[in-house]
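Note sheet for the following structure.
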Amino acid sequence: MAQTTTAVNACDAAIWLDNAGGTLKDISGSSNNVDMNFDIDIGEFKSFASKWKARITCGKDAEFTIAAVYSTTTDESLDILKNWFFAAAPGSRTLKVYLPDKNVGSDVYSGEFVLSNLKIPADGSKADFIMVEATLKPDGAVTLTTNAT
């Protein structure tokens, strides 16, 4: 097989997340990483009659981790994440990740998510930006579609 000519990078990825009002906001300008992990539950067994295990599948799960710059502007990544965590009833919010960008034909991973973890490391011995890490888990199905608009 010939080497691919369609490889992409994530430099122009787009991440959109609901704010407290339920409006999708582009948080790409204050985020620089999203890790999307997908899992399938597997059951396995081996009988006396075989040396090899058999496997069956059942449920699916995912976990998205977003790296966000600690900033002080309304509706940027951290503002939305902090408000979500400290809300009286945090609930589920819509998340959409566009790869490699938000243009027509790009992959769109989307679903309703709950905020599982918000990590804010504050190290006074470093001059680096504070990078916040948020872990989101789906509340229902995560879908993969092709961006049409």
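Computed over heavy atoms, backbone and side chain alike; hydrogens, waters and symmetry mates excluded.
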Between L24 and T94, does the side-chain contact (heavy atoms from CB on, under 4.5 Å) criterion hold? Intermediate values first, please. CA-CA 7 Å; L24 277 170; T94 302; 4.0 Å; yes
Donor-acceptor under 3.5 Å (S77 side chain, I27 main chain): yes
CD (E133) and CG (N33) are apart, to the nearest 0.5 Å, by 8.5 Å
Co-membership, hydrophobic cluster, residues L136 and L118, 4.5 Å side-chain: yes
How long is the span from the NZ atom in K137 to the CG atom in N37, to the nearest 0.5 Å? 10.5 Å
Are R93 and I80 close enough that some pair of their side-chain heavy atoms sits under 4.5 Å apart? yes
Does any non-hydrogen side-chain atom of Y109 lie less than 4.5 Å from one of V34? no
Do the side chains of I15 and S31 get nearer than 4.5 Å, heavy atoms only? yes
Are the side chain of N147 and the backbone of K102 linked by a donor-acceptor contact shorter than 3.5 Å? yes
Got a second to check how far D139's CG is from F113's CZ, nearest 0.5 Å? 10.0 Å
Linked, directly or transitively: F86 and L78 (ILVMFWY side chains, under 4.5 Å): yes
Would a 4.5 Å heavy-atom cut-off, applied to side chains only, mark L17 and W84 as touching? yes
Just wondering, do N83 and N19 contact through their side chains at under 4.5 Å, heavy atoms? no
CG (L144) and CG (D107) are apart, to the nearest 0.5 Å, by 5.0 Å
Trace of the side-chain contact (heavy atoms from CB on, under 4.5 Å) decision for K25 with D79: CA-CA 11 Å; K25 296 291 183 175; D79 180 63; over 6 Å; no
What's the separation between atom OG1 in T143 and atom CD in E112, rounded to the nearest 0.5 Å? 10.0 Å
If every non-hydrogen atom of N9 is compared with every non-hydrogen atom of P100, which pair is closest and at what distance? O-CB, 3.6 Å
Honestly curious: do V114 and V132 fall in one hydrophobic cluster under the side-chain, below-4.5 Å linking rule? no
N/O donor-acceptor pairs under 3.5 Å from side chains in residues 55-72, not counting sequence neighbours:
residue : atom : partner : partner atom : Å
R55     : NE   : E44     : OE1          : 3.1
R55     : NH2  : E44     : OE1          : 3.4
S71     : OG   : E76     : OE1          : 2.6

Return yes if some donor-acceptor pair links the side-chain N/O of T135 with the main-chain N/O of S116 below 3.5 Å, else return no. no
When you measure from the side chain of T146 to the backbone N and O of G105, does any donor-acceptor pair fall under 3.5 Å? no
Which atom pair, heavy atoms only, marks the closest approach of P138 to V142? CB-CG2, 3.6 Å
L99 and V8: same hydrophobic cluster, using ILVMFWY side-chain contacts below 4.5 Å? no
Near K46 NZ, under 6.0 Å, is it more than 12 heavy atoms from other residues, nucleotides or ligands? yes
Counting neighbours of CZ on F85 that are heavy atoms of other residues, nucleotides or ligands and sit closer than 6.0 Å, is the number greater than 12? no
Keeping the roles fixed (side chain from S106, backbone from N103), state whether a donor-acceptor pair exists under 3.5 Å. yes
Heavy-atom closest pair, residues L115 and L81: CD2-O, 3.7 Å
